[in-house]
Amino acid sequence: MSLWFTVLAACALAFVTKLAGHYVPSAKLEGRRMRRVTALLPVALLTSLVVIQTFAASGGGFTVDARIVGLAAAVIALLLRAPFIVVVIIGAAVAAGLRALGWN
Amino acid sequence: MREEAGKEGAEASGQRPGDLDPATRTSVLRQAWSVGIATGAYGISFGALGVASGLSVAQTCALSLLMFTGGSQFAFVGVIGAGGTGVAAIATATLLGIRNGLYGLQVSEFLHDRGWRRGVAAHLTIDESTAVGIAQPTVRASQLGFWQTGIAVFVFWNLFTLLGAWLGNALGDPRRWGLDAAAAAAFVALLWPRLHSRDAAATAVVAVVLTVAVAPWAPAGIPVLIAAFAAVAVGLWPRAAARDDDSTGGEVAP
């Protein structure tokens with residue numbers, strides 16, 4: 001199996017997966033419980049992404065580094081009702097600053 | 001579900017696409033493009049990793065253009081780079097892409113595109129476009145948020161993939177610029193307004209537990225997939241159902 005074939009087959013399956021979600025009949029989502037699950041889905045996924053993005057080590061497992069301080073700064077910014085872009089910039093700036101000072 | 005009712009209410013009141021007020025429009029565009037830049041910048045590391053794993057520059061760029069889902073792409077080049085088989089690489093990437101199918105279920109509730117536009121929307125259905133789209137208060141703002149974020153991430157992700165593939169690791173580490181922390185900040189900012197109900201808070205707690213329990217041993221991307229069961233568990237929980245039945249809804253904050 002050539003590498004190009006592997007690349008294109010994986011791409012095709014990724015697209016079919018995405019398309020399938022768009023073509024599931026909406027009637028399947030009409031139940032209250034089903035609607036509640038789909039409404040809570042982004043909360044679950046975003047929470048998991050926050051944890052992964054903050055603590056995942058490049059070699060696998062978890063690690064504590066400048067990202068946790070960046071995240072804490074972002075949360076403080078959210079508590080102070082800062083706009084989205086400010087929250088993101090503060091998160092990056094705090095982490096970059098700590099790393100410039102030599103803390104990973 | 002207040003959010004859905006609000007969206008339908010906005011539609012029923014006759015809002016047209018052009019009716020989105022300028023303040024909301026600016027806010028949505030700002031979210032979309034800041035997420036797009038923060039996420040897209042990671043394309044540098046993907047481009048460098050792709051080439052390092054033995055793919056050509058063209059193959060690395062093809063993944064960003066055609067697969068266009070970061071977790072699956074990183075997993076794909078990771079398996080190939082570690083000497084895994086093509087089948088293993090395809091299976092891992094596809095498994096990680098299942099969540100995009102779940103996102104499709106969600107976004108097709110507010111996207112009403114047909115024909116080729118629906119195909120393009122499907123291609124742009126990823127973590128970021130879904131998250132920004134769903135986070136908006138009205139149908140029209142959701143549509144704008146989804147499309148603008150999808151396009152912004154697509155543009156920057158592909159540009160930075162090409163850059164990364166060309167320059168390799170020599171360009172330096174995006175961590176140095178705090179871009180990894182920027183992505184975490186963006187995700188928490190998107191999560192924040194959705195935590196205003198007990199069900200949402202419970203879902204978040206269960207998601208953290210699942211992620212922490214699974215992440216140390218599962219391949220990249222799998223913990224997020226498993227955390228999705230937090231939504232299933234809380235959504236189907238009988239007590240939550242009983243509370244929902246004797247109210248007019250509103251357990252999901254907009």
Side-chain angles (χ1 to χ4, degrees), chain A residues 1 3-11 13-15 17-22 24 26 29 32-33 35-54 56 60-62 66-67 70-71 74-75 78 83-85 87-97 99, chain B residues 1 30-31 34 38 59 62-63 66-67 69 72 76 86 89-90 93-94 97-98 100-106 108 118 122-123 125 131 134 176-192 194 200 203-204 207-208 211 216 223-224 227-228 230-232 234-236 252:
Chain A
M1 187 155 56
L3 191 49
W4 262 116
F5 177 84
T6 308
V7 166
L8 295 177
C11 290
L13 281 171
F15 180 68
T17 307
K18 289 172 175 176
L19 203 58
H22 282 256
V24 168
S26 55
L29 295 174
R32 301 199 76 164
R33 288 176 163 212
R35 291 186 71 89
R36 192 162 46 229
V37 169
T38 56
L40 289 173
L41 205 52
V43 173
L45 295 166
L46 285 168
T47 303
S48 185
L49 285 165
V50 170
V51 173
I52 293 292
Q53 192 65 51
T54 306
F62 282 162
R67 289 174 296 176
L71 181 71
V75 169
L78 285 165
F84 185 87
I85 194 163
V87 173
V88 173
I89 290 172
I90 285 175
V94 167
R99 282 171 183 153
Chain B
M1 299 203 173
R30 204 174 277 162
Q31 280 185 36
S34 48
Q59 286 164 339
L63 282 173
L66 302 174
M67 186 180 280
T69 171
S72 295
F76 184 91
I90 292 170
T94 303
I98 289 175
N100 293 324
L102 299 175
Y103 294 157
L105 291 174
Q106 285 248 296
S108 59
R118 199 174 190 181
H123 191 51
T125 303
I134 287 171
R176 189 180 156 202
W177 308 105
L179 290 176
D180 50 352
F187 285 132
V188 83
L190 289 168
L191 175 63
W192 200 255
R194 306 189 65 80
T203 301
V208 168
T211 304
V224 176
V232 178
V234 175
L236 299 183
V252 179

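In this structure, chain B has a heavy atom under 4.5 Å from the side chain of A:Val51, while its backbone stays farther away. The contact between B:Ala131 and chain A is made entirely by side chain atoms (from C-beta outward), counting heavy-atom distances below 4.5 Å. For A:Leu8, the part lying under 4.5 angstrom from a heavy atom of chain B is the side chain only. Interface remark: B:Ser72 contributes no atoms to any contact with chain A (heavy atom separation under 4.5 Å).
For B:Arg118 against A:Leu19, the heavy-atom pair with the smallest separation is O-CD1, 4.4 Å. Between B:Ser108 and A:Gly21 the shortest heavy-atom distance is OG-O, 4.1 Å. When all heavy atoms of B:Gly235 and A:Val37 are compared, the pair lying nearest together is CA-CG2, 3.9 Å. Closest of all the heavy-atom pairs between A:Ala10 and B:Ile90 is CB-CG1, 4.0 Å. Residues B:Thr125 and A:His22 share a closest heavy-atom pair of OG1-NE2, 2.7 Å. Listed here is the closest heavy atom pair of A:Ala95 and B:Gly178: CB-CA, 4.2 Å.
Listed for the A:Arg67 side chain is no donor-acceptor partner under 3.5 Å among the backbone atoms of B:Ala184. In terms of modelled atom types and a separation under 3.5 Å, the side chain of A:Lys18 and the main chain of B:His123 share a donor-acceptor contact.
Note that the OG1 atom of A:Thr6 and the CG atom of B:Leu63 stand 10.5 Å from one another [nearest 0.5 Å]. Atoms CD and CG, on B:Gln59 and A:Leu3 in that order, are 4.0 Å from each other to the nearest 0.5 Å.
Note: B:Leu191 leads B:Val232, B:Leu191, B:Asn100, B:Thr69 in heavy-atom pairs under 4.5 Å with chain A. Contact tally against chain B (heavy-atom pairs below 4.5 Å) for A:Ala74, A:Ala44, A:Ala9: the top residue is A:Ala44. Between chain B and the residues A:Ile90, A:Ile52, A:Leu45, A:Val94, the most heavy-atom pairs under 4.5 angstrom are made by A:Leu45. Your options are B:Ala207, B:Gly97, B:Gly101, and the one with the most heavy-atom pairs under 4.5 Å with chain A is B:Gly101.
Within 6.0 Å of CZ on B:Arg30 lie no more than 12 heavy atoms contributed by other residues, nucleotides or ligands.
Contact annotation: the side chain of A:Thr47 never approaches that of B:Thr211 to less than 4.5 Å [non-hydrogen atoms, C-beta and beyond].
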